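Inspection log for the structure reproduced underneath, given as structure tokens.
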Amino acid sequence: MSGRLLPHALLDLTLARASARLECLAYKSLQSNTGRVIRRYSHQQALLQDHPPAPTEYLPYDTADDRSLYAKRDSSRAGRTALSSGGLFPHSQDGPLTELEKRILELKELPVSEIAQTDGPAYSESELLSIYEELLAIPSRSHTQGAALVDPESRQRQDEAMLRSAVQDLYELEDPTSIPTDIRSQYSAAITKLKEIVGALETASSSSAGPAISISVLPEQEWAALVRTCVREKDAVAAEAVIDLMKRSGSHVPDVLLSTTMSLYADRGDIANTERFLTTFAGSKPSDPLRDLHVKAHLRSVAPRTFPTSALTALHDYEGRGLPAPQKTYTRVITSLLQTRSTMGEAQAWDLFAHMRYVAHPNPDSRLYAVMIAACASRVLDPQPARALDLWTEMTVDKGMAPTADAYTAVIYACACSGEKSYVNEAFRLAKEMLDGHRDAYGNSAFRPDRKTFYALLEGAKRIGDLAKVRWILAEIVSESMQAARGDASDLVYVDEEIMTHVFHAYAAYKPPFDRAATVLVDESKTNASTIDGSSTTTPASDDPPQAQEESAAADAPSNPQVPVAPRKPQFTNLLPQSRPEVLGETRTLFYKVLQDVAPAALQSTTLFPERVESSMPEAFENVKLSQRLLNAYLSVHYAHGRFDEGVQLYRALFSELGVDKNAWTYVEALERCGRAQRGFERKEALQFAREVWAEWQPGEDAWRRRMKCPVGMNARMVERAYAAMIRILSLTGNARDAVQLVRDFVARYPPHIVKQANPKPALRSMRVSLEAPRPLVRLFTPVEVPDDTVPPLLSFPEVEILHHRLVMNGDATNIRYLKWVCMSYAGALKRRKEATLRAEPVSEDVKQGEDYSQKLVR
């Protein structure tokens, strides 16, 4: 390539200069280059001698001036000698030298020894530090969000001063001291006087025959101050009156004053006044802020967690008029859909996101990206960590946007909620990138982990049972809270109820490495004797279940030193708990510290703490609230690692002594623990305890069916789990007749025919292909992919399988046929419901999503 693009002489010169810098090879390189030049030039001379210029006698011309331009150039080229043609500059020997040729000649004449060799540093340390400070500087939020942000207090003082000055000017001919000095009286007096002046001007202009003359009553700054003062006092009528006076007097009304006044109606969900204000002052083409406030008024007019049908209708109406709402409006509506906590709401949110990119805004901003990445960690749909990572890559790599703290937290939480180890590890990698990947010249990170970041990391660690990471995160949070208490840190991150709930869940999911059932207990005296005799003796294997062997080993623990016993004072060392008693010991210590900071009176209870708990942990749990979730998480640790009787005693005393009401999860988890009871005496205790819990459960279920106040968390799926757990424990204890009767009660309360009644499909969920319609034109979720979360309670065969086996053992053919009919009826009804949902036609009227089936049951 270089031989074709560069002249031969320039190439030779470059090689010569490069060879001259190498002192050890200078002579050999120069010799080889000289031979190479001679051969090349000889070859060129041979070519010139072998190929003379072509004759031009055949060209039709009489004189030299009649020849073509090419012929003239050829004749001039033919007149050159072979030496001149093959020289250093074969094409410019006869003409003036070009700038490049002059420079090459100067370089050729310059001796190599005179080239300056500068090996010293070009920049000082201070200059390098300033360069890196500017290069790695972290942009402040004030510069990224806006240049000039006025202090609200200073703005308020300025507005009040301008208002008082305007009142003094308006009442200059009267006595301004008669007006009260409070703000409301001041702007009311100003509005009254302005109405008189504007009315007089309108009368004078209507009586005169000449053209209308615009007269400025007040400066624009005083008009704006008057409007802002009325808005600050929540007086929408007065603010609207001032804007009306501005229009009547011929003054320009800025859009910011219109949006400020209209926000008073939109914030309280007053759709009628919002639309009246739009019609009066905005016309047929309102600005972007006004369109956003119009949709906001529709969102505020409905109750929380309600499907915003009217807001979606207004949004699509603007699209049909060719005035798409700003991207902030789409973000607001999508957030409202995600807050409904329903499958249809979240599916509509994803469809609206795809529709927005198709018809209005193809490039989302960082805030909307963060919202959609957080939506991948859904509670009603399956988690979508792969989609979250795709959106993250699209935002940071494809679009080149700078990552934000909200986006980092969202993608970490989406990966953590998947429960898969690979994605959880990716969440921790992203957290490390968040802290270490964006640092300035002094090593300060641009992002600091907040409580949401710690929530996400704890969520992922507990789902894979990684207790080591959970303990490390808890220690970091305690350290952060202590630094904030001392004033060493500005961002306050403290231990709260949700963090402790995650910690207790992690202890419940943790599997200690020491298993008592798999341990071989050896007698020390027999071991010594067998060592002398050359033989060993072990205890025979037992046929009891592993948990029963663990309990028997725990009972013999004081007399056998080989069995590890939980220490009285947990040390919280780097070594994880090695046995179930150690897990319970650490959990009791944590809960003791929580009660010590929140409810010290409960520490005197012998049921909660049979033995005195001692710990050297710092006091960092004063912000923990004793909630139902926290107590249920603490109970789950005892259900997973403790004896059954200890869990029963804790269930009976925990909520009553701490004054916390039980919720649906409390009853369901207690019943499911009874279903896992071991054979023997424990199952008898489990049956008695299950009947006690079931008696507490039934009033809450009846209240839920009648749409009355019921325990928190009561829904159709919780009802199914409660009945399945009670049927299981009755079947395991040999009470098959009672279990069949419970199935009959369930069928009577929730008959199969209510299951097959599908909900009507709203018009916004129509799948008809159209290029223009008041609904999303592009969808990410089809009706088949959206789960139905409004299905009434039902029973399937896996939930009554143990009862079926017990009836087969008893030879009860009648009840077997009845159980088969129940399972087939619910399965057939569910199948018809799915088919009806797929064939459903969209309805035009506003139908409330998921008509509560409890109303049908009451009727």
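Along the sequence shown, residues carry numbers from 1. For clarity, every value in this text was computed on a predicted model and none was experimentally measured.
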Begin with the C-alpha distance, continue with both residues' side-chain angles, and end with the deciding distance and a verdict on side-chain hydrogen bond (donor to acceptor under 3.5 Å, both in side chains) for Ser378 and Glu346. CA-CA 8 Å; Ser378 173; Glu346 295 202 2; 2.5 Å; yes

As a quick check of understanding, evaluate salt bridge (Lys or Arg N to Asp or Glu O under 4.0 Å) for Glu394 and Arg357, giving each step before the final call. CA-CA 14 Å; Glu394 178 185 340; Arg357 303 189 69 173; 2.6 Å; yes

Passes side-chain hydrogen bond (donor to acceptor under 3.5 Å, both in side chains), Thr790 versus Arg833? Steps please. CA-CA 11 Å; Thr790 62; Arg833 183 187 183 93; 3.1 Å; yes

Evaluation steps, salt bridge (Lys or Arg N to Asp or Glu O under 4.0 Å), between Arg276 and Glu240: CA-CA 11 Å; Arg276 179 187 56 79; Glu240 190 172 348; 2.5 Å; yes

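Taking 4.0 Å as the cut-off between side-chain N and carboxylate O, Arg367 and Asp406 do not count as a salt-bridged pair.
Relative to the ring axis of Trp350, Arg387 places its NZ or CZ within 45° and under 6.0 Å from the centre.
Across Val242, Asp159, Asp235, a single residue satisfies side chain to side chain contact (heavy atoms under 4.5 Å, CB included) together with Thr229, and that is Asp159.
Within 6.0 Å of CG in Asp382 there are 12 or fewer heavy atoms belonging to other residues, nucleotides or ligands.
If you check the side chains of Thr453 and Thr409, you find a donor sitting under 3.5 Å from an acceptor. If you check the side chains of Arg184 and Tyr187, you find a donor sitting under 3.5 Å from an acceptor. Neither side chain, His438 nor Glu433, offers a donor N or O lying under 3.5 Å from an acceptor on the other.
Ring orientation note: the planes of His294 and His298 are tilted relative to one another, at an angle of 30° to 60°.
Across all non-hydrogen atoms, the minimal contact from Thr280 to Lys247 is O-NZ, 3.6 Å.
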